[in-house]
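Just below is one structure, and these are the notes that go with it.
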Amino acid sequence: MVKYGLDYTRCRWILPLLLGIGVIFGIIALAGRGWLESQTLPYVQQASLWENCRRPEQGGEWNCESLMGYAWGRAAAATYLVGFLLLVICFALAIIAFAIDTLRFNFIRGIGGLLFVAAVFSVMGLVIYPVKFSSEIEMTGINMFSWAYGFGWTTAIMEICLGFFFCCLPNYEDQILGNVKPTYFYSSP
């Protein structure tokens, strides 16, 4: 953004936009039923962050049980949900920070720190879930952690990467605001 001469006024909304995409991915992960799915026919198991569903036979009804009855299920859901809520707060703070004409760079560094805290909570939930799920719940057939679980990891990776961007952006304050005199490599004879 800084090195190639992109104008700050044109690029100031890139980071909040990426945070918004992270929020959308987090919503998909929270609402998705594809955290764990059967890999082959007949599809007999499907799980989300909130419940585990099984089907005894191909045409049968799905029997669902809540994962909130397990302590690890509540812990995984709570930690991922806390990480998601911190991401939403960072998104709101980023919109406020970039909407103000006079950019407060220390405020932006604080958003980056909060994104790292959100990433820690998200990763904790994403690690607790598969470890405890595979050890405490009987799985039949060949199962895989699927698309909604992948959206959860994508959200966590975006939190980490955007945390670095928000923390490093204040280092280029003068270049962003145009306070640096340009250097020219050509000198007249």
In this structure, would Ile95 and Leu19 fall into the same cluster of hydrophobic residues linked by side-chain contacts under 4.5 Å?
yes

Roughly how far apart are Phe84 CZ and Ile89 CD1, rounded to 0.5 Å?
11.0 Å

Using only heavy-atom distances, determine whether the side chains of Gln46 and Trp62 contain a donor-acceptor pair under 3.5 Å.
no

Just verifying a value: how many Å separate Phe165 CZ and Met158 CE, rounded to the nearest 0.5 Å?
10.5 Å

Between the CG atom in Leu49 and the CZ atom in Phe133, the distance rounded to the nearest 0.5 Å is 11.0 Å

Exercise: identify the closest heavy-atom pair between Ala156 and Val123:
CB-CG2, 4.0 Å

Going by the side chain to side chain contact (heavy atoms under 4.5 Å, CB included) test, name the single residue among Val120, Leu126, Val127 that passes it with Met124.
Val120

Should the pair Arg54-Glu65 be classified as a salt bridge under the 4.0 Å nitrogen-to-oxygen rule?
no

When clusters are formed by joining ILVMFWY residues with side-chain heavy atoms under 4.5 Å apart, either directly or through shared neighbours, do Phe107 and Val117 land in the same one?
yes

Do Glu159 and Cys90 have side chains that get closer than 4.5 Å, going by heavy atoms?
no

Would you find a donor on one side and an acceptor on the other, under 3.5 Å apart, between the side chain of Trp35 and the backbone of Glu51?
no

Note: Gly32 and Trp147 closest approach over all heavy atoms is CA-CH2, 3.7 Å

Should Met144 and Tyr129 be regarded as members of a common hydrophobic cluster, given that ILVMFWY residues are connected when their side-chain heavy atoms come within less than 4.5 Å of each other, either directly or indirectly?
no

How far apart are the closest heavy atoms of Ile108 and Ala97, and which atoms are they?
CG1-CB, 4.4 Å

For the pair Phe121 and Leu85, evaluate side chain to side chain contact (heavy atoms under 4.5 Å, CB included) and give the outcome as yes or no after the intermediate values.
CA-CA 10 Å; Phe121 277 105; Leu85 290 176; over 6 Å; no

Given side chains that start at C-beta, do those of Phe151 and Ile27 come closer than 4.5 Å, heavy atoms only?
no

Straight-line distance of Tyr80 OH to Ile128 CD1, nearest 0.5 Å
13.5 Å

Show the nearest heavy-atom pair for residues Ser135 and Val131, with the distance to one decimal.
OG-O, 3.1 Å

Value for CG (Asn52) from OH (Tyr70), rounded to nearest 0.5 Å, stands at 7.5 Å

Students often mix this up, so state it plainly: with edges at 30° and 60°, are the rings of Tyr149 and Phe145 parallel, tilted or perpendicular?
tilted

Please tell me if the side chains of Leu81 and Leu30 come closer than 4.5 Å, counting only heavy atoms from C-beta onward.
yes

Just how far is it from atom CG of Leu93 to atom CG of Leu114, taken to the nearest 0.5 Å?
7.0 Å

Are Ile160 and Ile24 grouped together when hydrophobic residues (ILVMFWY) are joined by side-chain heavy atoms under 4.5 angstrom apart?
no

Considering all heavy atoms, the nearest Ala148-Ile28 contact
CB-O, 4.4 Å

Heavy-atom closest contact (Cys167 atom, Gly113 atom, distance):
SG-N, 3.9 Å

Is there a side-chain contact between Ile137 and Trp72 in this structure, where contact means two heavy atoms from C-beta onward sitting under 4.5 Å apart?
yes

Using the rule that Ile, Leu, Val, Met, Phe, Trp and Tyr join whenever any side-chain heavy atoms are under 4.5 Å apart, tell me whether Leu15 and Val88 fall into a single cluster.
yes

